[in-house]
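Structure first, then comments.
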Amino acid sequence: MRLTRFLLRRTAQGILVVWGVITLVFLLRFITPGSTIDFVAPLDASPELRQRLAEDLGLNKPIYVQYADYIVNLLQLDMGNSLLKGRPASDVIFARLPATLELAIAATIVAILFSIPLGVISATRRHQPVDYGATGFSLIGISTPNFWLGIMLILIVGVNLGWLPTSRRIIGFGPALELLVFEGRTIGIQVWFEHILLPSITLGTYFTALITRLTRNGMLEELGQSYVEVTRAKGLPETLVKYKHVLRNTMIPIITVLGLQMGTLIGGAVITESVFNWPGLGTLIIDAINSRDWPLIQGSLIVIGVGFVVINIVVDALYMYFNPQVTFE
Amino acid sequence: MSDDVILRVSDLSTRFFTTDGQINAVESLSLEIEEGEVFGIVGESGSGKSVTARSLIRLIESPGRITSGTIEYRDADLADDLREDHPGAVDGEFVDLLAIPEKIHRGLRGTSFSMIFQDPESSFNPSLTVGEQIAEAVEVQRRASSNPRSTRARTRSSEYSLRSYAAAAVLPSRGYVSSESKDRAIELLQQVGIPDPEQRVDEYPHEYSGGMLQRAMVAQALAGEPDVLVADEPTTALDVTIQAQVLDILRDLQEETGMTILLITHNLGVIARMCDRVGVMYAGEIVERGSLGDIFDRPTHPYTQGLLGSIPDLDAAGGRLQPIGGNVPSLLDAEMGDRCYFADRCPKAMEECLEKPAEYPAEGTDDHAAQCYLADHPYEASQALPEDYFEESEPP
Amino acid sequence: MNWQRVWRSLRAEFGRSPMAKLGVVLILAVFLMAIFAPFLATTNPKAQDLSRANEPPVGFTDTTEDTRLVDGERQTVTVTTRGTLEYPLGTNQLGQDMYSRLLYGARTSLLVGLLGTAIAALAGVSVGIVAGYYGGRVDDGLMRFADVMLAFPALVLAIALIGLLGPQPVDIPDPFVAAGLVSDMPETTVLPVTVTLVVALVNWVWFARVARGEALSVREKNYVKASRSLGASDWRLMLKHVLPNSLTPILVLATVQVAVIILLESALSFLGFSGTTLSWGFDISQGRDLLATSWWISTMPGLAIVVTVIGINLVGDWLRDALDPDIEGESGGGMG
Amino acid sequence: MDEPFEITMTQRQDPTTLDPHNHRETPTDNVVLHSYEGILWRGPEGEIIESLATEWEVVEDNRHRFTIRDDVQFHDGSSLEPSDCAFTIQRIVDPEAGGLESPQRDQLAGTTGAEVVDGERAIDMLSGGPNPMAFQNIASYAHVVSEDWISERDNEEIAVEMNGTGPYRLADYEPEEYVRLEKFEDYWGEEPDVDRVEIIAAAEDSTRVSQLLAGETDIISAVPPNDAGRIESEDGMSIADIGSTRILMCPMVYNEEPFDSVEFRQAMNYAIDLDQMIDEILRGFGVPTGQPTLPGYNGHNSDLEPYPYDPDEAESLVEQSGYAGAELELEYPAGRYLLNDELAQAAAGFIDDLENVSCEAVSRDFGTLAGELLDGDLSTTPSFYNIGWGNTTFDASQTLTPFLTEGTAIYHYRSDEMEQLKEQWQVETNADEREQILQEANQLAHDEAVWVFLNREWLVYGINGRIDWDPRQDEYFLAQGMNQA
């Protein structure tokens with residue numbers, strides 16, 4: 001009940017935020033110098049051609065009419081036609097979305113898989129070599145620009161050692177899975193895995209480091225709480241004390257931070273995609289900005305904004321799940 | 001009397017090694033507790049009571065360490081089980097708890113020993129239901145008793161894989177706790193007088209009041225049906241009427257189950273109400289011990305006398321210790337001389353007090369004794385130290 | 001706020017923590033490098049010598065297969081280059097001195113990092129205090145706006161704005177060169193204005209959140225209520241009570257933000273959205289295509305970023321441990 | 001040959017569409033020209049050769065006739081008719097005809113339409129007046145589509161499917177990921193060696209090189225000269241190179257200070273050591289230029305030499321111009337052409353080395369810079385910028401007109417003399433006369449130092465040894481020209 005009510009309220013707020021994003025994105029187009037027409041028109045187009053193109057694209061209507069049109073179209077999931085690709089912007093964006101999602105999810109999995117055990121071990125073996133190692137790693141991890149990390153990984157693992165491919169996606173997870181399920185061939189998954197490994201490490205390192213730090217600090221703080229002593233006095237196995245009791249409470253601040261850091265993940269994905277030539281939303285946005293493909297820019301930013309809002313609602317729900325004391329006012 | 005002794009502590013010292021120096025929180029402490037009695041330890045804040053309690057169940061964490069002594073616990077079955085693997089720890093029916101591995105010791109917690117902590121609010125994990133936490137304690141006991149003959153089985157930390165830990169971190173209701181344990185938790189809550197336990201069992205600590213939490217804490221401590229219950233200031237955080245209720249519950253349960261209670265408090269009223277025998281603690285040492293009557297009617301140590309003298313009416317529950325003149329001593333090793341630690345506050349301090357006093361038997365029951373020269377010697381005002389003696393010699 | 005107490009706890013923590021010492025040493029080193037770059041540099045970082053391009057750092061020997069087109073014929077020869085002391089960290093593809101470029105790159109990073117953080121802090125703290133102090137609708141409005149800003153990933157918003165507004169570089173004269181103390185060094189340092197404003201724009205929200213939280217709690221304190229009932233003006237109360245109480249967490253946040261912004265700036269330079277050619281990120285992107293042949297061009301500035309940011313993070317840890325404010329979001333904002 | 005011969009090619013950009021008439025980029029051409037063919041075509045040296053037309057002639061000044069083959073099939077099985085060729089031209093020049101506002105319209109500048117010649121397998125291309133560029137344009141543009149096939153589809157379908165007459169048909173297309181092509185069995189011409197082609201893209205130079213060296217692809221375009229040695233020295237890998245149709249230059253806006261001074265503009269040319277830039281940065285993969293037109297093109301003036309490196313002369317010219325102490329910014333599009341970042345930075349560095357001028361290279365993204373250049377408004381154009389210009393018609397006018405004559409979107413220079421020359425080259429149909437006019441215009445451009453002349457861009461490919469291929473000047477790399485080694 002509590003959860004349902006909460007989700008409803010958060011969804012309403014989320015819609016408001018998305019509307020804000022849409023409006024801001026729309027305005028962005030009008031405060032920026034340079035006309036869209038310059039990018040649509042051929043290199044040596046005549047003024048008449050330019051005029052006609054402007055009319056075709058509705059660029060000569062008053063701003064509020066364009067805004068109203070835009071909102072109405074958006075409600076029908078129509079983001080306009082990409083100027084660059086000549087296809088509906090939504091098609092282009094949703095074709096790219098799986099690649100970015102795969103990367104983001106893989107990076108998150110990498111991060112969670114390594115960071116939480118590492119943080120726990122580090123906190124429970126304080127001042128031992130493993131703790132110094134983990135602390136050092138997390139410090140370097142949050143201080144290393146991921147574009148540089150990606151380059152170094154390509155150089156060492158891809159080029160010098162030749163263990164993994166240096167770039168590209170080749171096959172999506174969906175088709176790879178289909179291949180496995182319907183034809184029983186593992187090659188798809190294998191290729192997919194080989195290609196996503198370096199990018200997801202590159203994207204995940206910052207998060208791994210960040211969560212390791214948070215887990216370690218949180219665990220240390222929680223381990224000092226009285227209730228830990230109580231659980232020990234009860235005779236609970238030590239692992240249960242750490243993972244069930246302490247880690248659970250440590251998760252609460254971690255979840256908060258993760259929600260706030262989602263933007264970083266998406267931003268990091270832009271860079272990672274650019275370094276690894278990964279055909280996701282990030283590279284699309286850079287291309288779109290460079291060619292002033294407004295429908296594409298706006299569409300991508302809105303999709304990202306919606307994603308951000310959705311993720312944060314999920315994060316808040318998780319937060320509430322982990323922290324029963326929270327009542328959302 | 002030794003037949004009845006269940007816990008025998010000798011020469012126990014617990015020290016903390018901090019950046020400011022070594023702190024001698026418990027100093028060469030010896031005592032014996034008999035089966036089925038309520039033994040009280042009373043003393044001012046900072047006298048080492050809580051550390052003593054934690055030392056008894058080996059819950060001292062870094063930078064603290066138990067540096068010497070033995071804690072012998074009488075349990076014939078346990079002794080039989082351990083005799084082979086840990087011969088050094090076993091002496092007849094007694095097992096030295098400090099000489100067995102942590103793993104085996106952990107198996108004793110909850111089932112042989114249990115503890116009630118002083119601040120109920122912070123003693124429960126805020127993100128798990130109260131019932132869940134009590135049921136855990138039941139589960140420890142359940143798993144242990146499912147194979148009562150083998151201590152090794154009962155002390156092994158069960159077949160608990162990493163996967164189920166992860167599951168436990170995410171899904172608290174899965175994994176460790178069985179539904180039988182949960183039912184037992186409801187019974188326990190009822191036993192300690194929580195109204196509406198079927199509903200309360202699924203509530204979180206922040207939904208309980210302080211008094212209810214302390215009762216839940218009692219329920220949790222009793223869940224493993226322990227032989228020895230260590231209660232560290234079980235009522236301090238509560239207001240007077242609720243204090244009385246909780247104490248009544250404890251007393252009733254003790255009479256019902258016959259368990260041994262080690263009650264630690266700074267409240268003489270509580271002692272008077274609950275205890276059979278009493279130890280008075282000062283600066284990490286038991287300075288006087290004896291039966292309730294010995295201590296209250298025939299106090300020997302000037303400190304005990306000071307404590308009692310400051311209470312207008314012993315029968316009034318909640319009567320609090322009035323401060324004795326002077327400061328509670330620092331337990332920093334560097335600042336502790338080799339003397340009677342109470343000497344600088346003692347109105348009868350004499351030159352003899354500048355040396356460490358031995359324990360002298362005192363008038364009263366067999367085990368009435370005090371760590372004071374005066375217990376065995378008459379007071380002679382002529383040997384008294386000048387009043388400002390310690391002020392001068394104290395470092396600025 | 002009790003500055004003496006703050007100072008004492010800072011000193012105590014500093015004495016305890018070798019990491020804090022390391023952080024301060026690193027930061028000082030980077031600052032000195034940046035400030036005295038004209039004296040420390042051995043060569044004008046912009047001076048090119050195409051005949052000395054792609055030389056390895058001193059102590060390294062680089063052997064490459066060099067294919068050239070000579071009179072229409074491809075000729076491949078093995079070329080061995082040995083690093084020299086003249087270019088201690090090697091040279092880039094224009095024969096510029098990587099060591100001197102590293103020093104000057106520190107200027108850009110620190111300039112953007114500090115200025116961007118200052119602007120973000122100023123804007124964020126003002127908004128946050130106003131929101132927290134007045135509460136109600138003002139608070140709701142400002143904080144929903146902050147939510148909208150948060151819904152844009154910082155890097156994406158920065159790329160969009162810079163791509164759309166252009167770099168707008170501004171030349172800041174180098175005082176040492178202007179005073180005639182050194183010659184043959186660049187006369188100006190380029191401040192990429194758009195980048196600075198944009199990194200501030202995408203990071204002010206974190207300051208706003210912290211300041212708002214502090215303002216909310218201070219507002220309820222009795223002495224503030226008392227002052228208000230005595231007729232003290234809102235502005236006075238905000239400046240006198242709310243602001244000083246927020247300073248500690250803001251200071252810690254600001255430290256972390258400098259690191260975040262330096263990373264963001266380097267990411268933007270890397271993607272070619274900066275506006276200066278003397279920047280670590282720029283050098284990394286330039287060296288990226290030469291990785292396989294001249295690894296040092298990307299590696300050296302990358303290491304410089306890592307070391308600088310580690311230094312700042314260590315100092316941040318030190319401040320946090322010493323002052324222990326409750327900062328939401330650990331590092332706040334994000335790098336790319 | 002039992003094993004099918006399959007290759008992968010990596011270029012810099014993905015195609016933006018598969019519609020041959022709705023784009024203006026070489027990467028798209030590199031895909032669609034596997035499937036679509038021109039009425040005429042060009043040999044490796046740029047000469048006009050036959051393709052779908054076997055004969056071509058000028059019937060009248062404004063009427064050019066092409067005789068169309070009768071043995072050609074589209075991939076969908078229908079056969080090629082002259083009407084398809086006429087429709088193709090109409091589709092480009094007339095928005096009404098094909099339902100498309102083709103960005104290629106001006107590539108057929110002057111052309112007004114096309115019609116089928118009654119009773120013959122031929123078409124006439126029509127223009128408003130004399131059209132000296134008619135055959136040049138047709139040899140470079142206007143790739144033939146099927147009228148029926150196009151009419152049955154909307155533009156969005158045309159953008160993702162292909163139905164041409166060429167040697168390869170589309171097998172699989174995932175936009176922005178790959179295009180896969182397979183051999184068209186009923187191709188009219190010579191059967192190609194390669195059975196299946198996959199075309200992918202990687203914007204990063206290092207990525208493409210890594211892909212080649214790792215064996216993930218067989219042929220890559222735009223190899224940075226630094227990496228040429230790695231490829232050459234690798235077993236089974238090699239480099240192929242050829243001069244392109246593109247020149248790099250740094251235009252200077254003629255009416256803005258200090259570039260309104262001819263002396264100053266000349267000084268900029270004397271200031272840079274172009275030979276050293278080509279030797280060291282490009283490792284010789286480039287040729288210095290001194291005029292807007294490449295050798296072998298109509299209008300190339302062989303008397304003109306590149307400006308020599310003479311900083312002293314440059315400094316004294318700057319003094320003469322009265323603009324000593326000028327502070328310049330050279331804006332270049334980041335990573336747009338082969339090592340143009342380095343070239344622009346080096347050029348700026350050389351100019352900065354002058355005692356009396358300072359210069360800084362400023363990186364811009366191509367989109368923004370192009371926007372400022374192309375809006376037809378000279379005031380928004382940076383006064384000094386770097387750009388590359390490809391001319392695939394092999395005629396000087398395609399470079400001179402847009403940059404150096406008034407009224408185009410991208411012009412940055414005007415003079416009465418050049419305007420007069422333009423009026424002539426646009427209509428002169430006598431080849432020799434026209435050649436003279438264009439050479440004169442090139443002389444003028446050189447003397448006026450309208451640009452800082454840089455190099456002819458070089459095409460450098462990395463090739464896996466299992467492929468045998470000679471590169472083409474026009475930047476196309478097409479599987480039909482490749483053989484199994």
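Throughout, a chain's letter reflects where its sequence line sits, starting with A, and its residues are numbered from 1.
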- Message: Counting only non-hydrogen atoms closer than 4.5 Å, does C:Leu271 touch chain A with its backbone (N, CA, C, O), its side chain (CB onward), both, or neither?
- Response: side chain
- Note on the structure: Most heavy-atom pairs under 4.5 Å with chain A, out of C:Ile312, C:Ile310, C:Leu314, belong to C:Ile310
- Message: What verdict does the side chain to side chain contact (heavy atoms under 4.5 Å, CB included) test give for A:Phe147 and C:Ser285, after you've listed the backbone C-alpha separation in whole Å, the side-chain angles of each residue and the deciding distance to 0.1 Å?
- Response: CA-CA 9 Å; A:Phe147 57 91; C:Ser285 76; over 6 Å; no
- Query: Tell me, side chain or backbone of C:Ile262 under 4.5 Å from chain A's heavy atoms, or both, or neither?
  - Reply: neither
- Query: Looking at side-chain heavy atoms only, is the closest gap between A:Pro145 and C:Phe270 below 4.5 Å?
  - Reply: no
- Proximal component of C:Thr308, with respect to chain A [non-hydrogen, under 4.5 Å]: neither
- So what's closer than 4.5 Å to chain C heavy atoms on A:Leu139: side chain, backbone, both or neither? both
- In chain order, what residues pass the salt bridge (charged side-chain N to carboxylate O under 4.0 Å, His left out) check against C:Asp139, with sequence neighbours excluded? C:Arg212
- Query: In Å and rounded to the nearest 0.5 Å, what is the CD1 to CG distance from A:Ile140 to C:Asn313?
  - Reply: 11.5 Å
- Task: Could you tell me which of A:Ile297, A:Leu24, A:Ile285 has the largest number of non-hydrogen atom pairs under 4.5 Å with chain C?
- Result: A:Leu24
- Taking the side chain as every heavy atom from C-beta outward, state whether C:Val307 and A:Ser143 have any atom pair closer than 4.5 Å. no
- Select one option (side chain, backbone, both, neither) describing which atoms of A:Val275 are under 4.5 Å from chain C's heavy atoms. both
- Message: Using modelled atom types and a 3.5 Å cut-off, is there a donor and acceptor pairing between side-chain atoms of A:Trp148 and backbone atoms of C:Ile284?
- Response: no
- Query: Does the side chain of A:Asn217 come within less than 4.5 Å of C:Arg320's, by heavy atoms?
  - Reply: no
- Note on the structure: Scanning both residues in full, the closest heavy-atom pair of C:Leu263 with A:Thr144 reads CD2-C, 4.5 Å
- Does the side chain of C:Met19 come within less than 4.5 Å of A:Thr135's, by heavy atoms? no
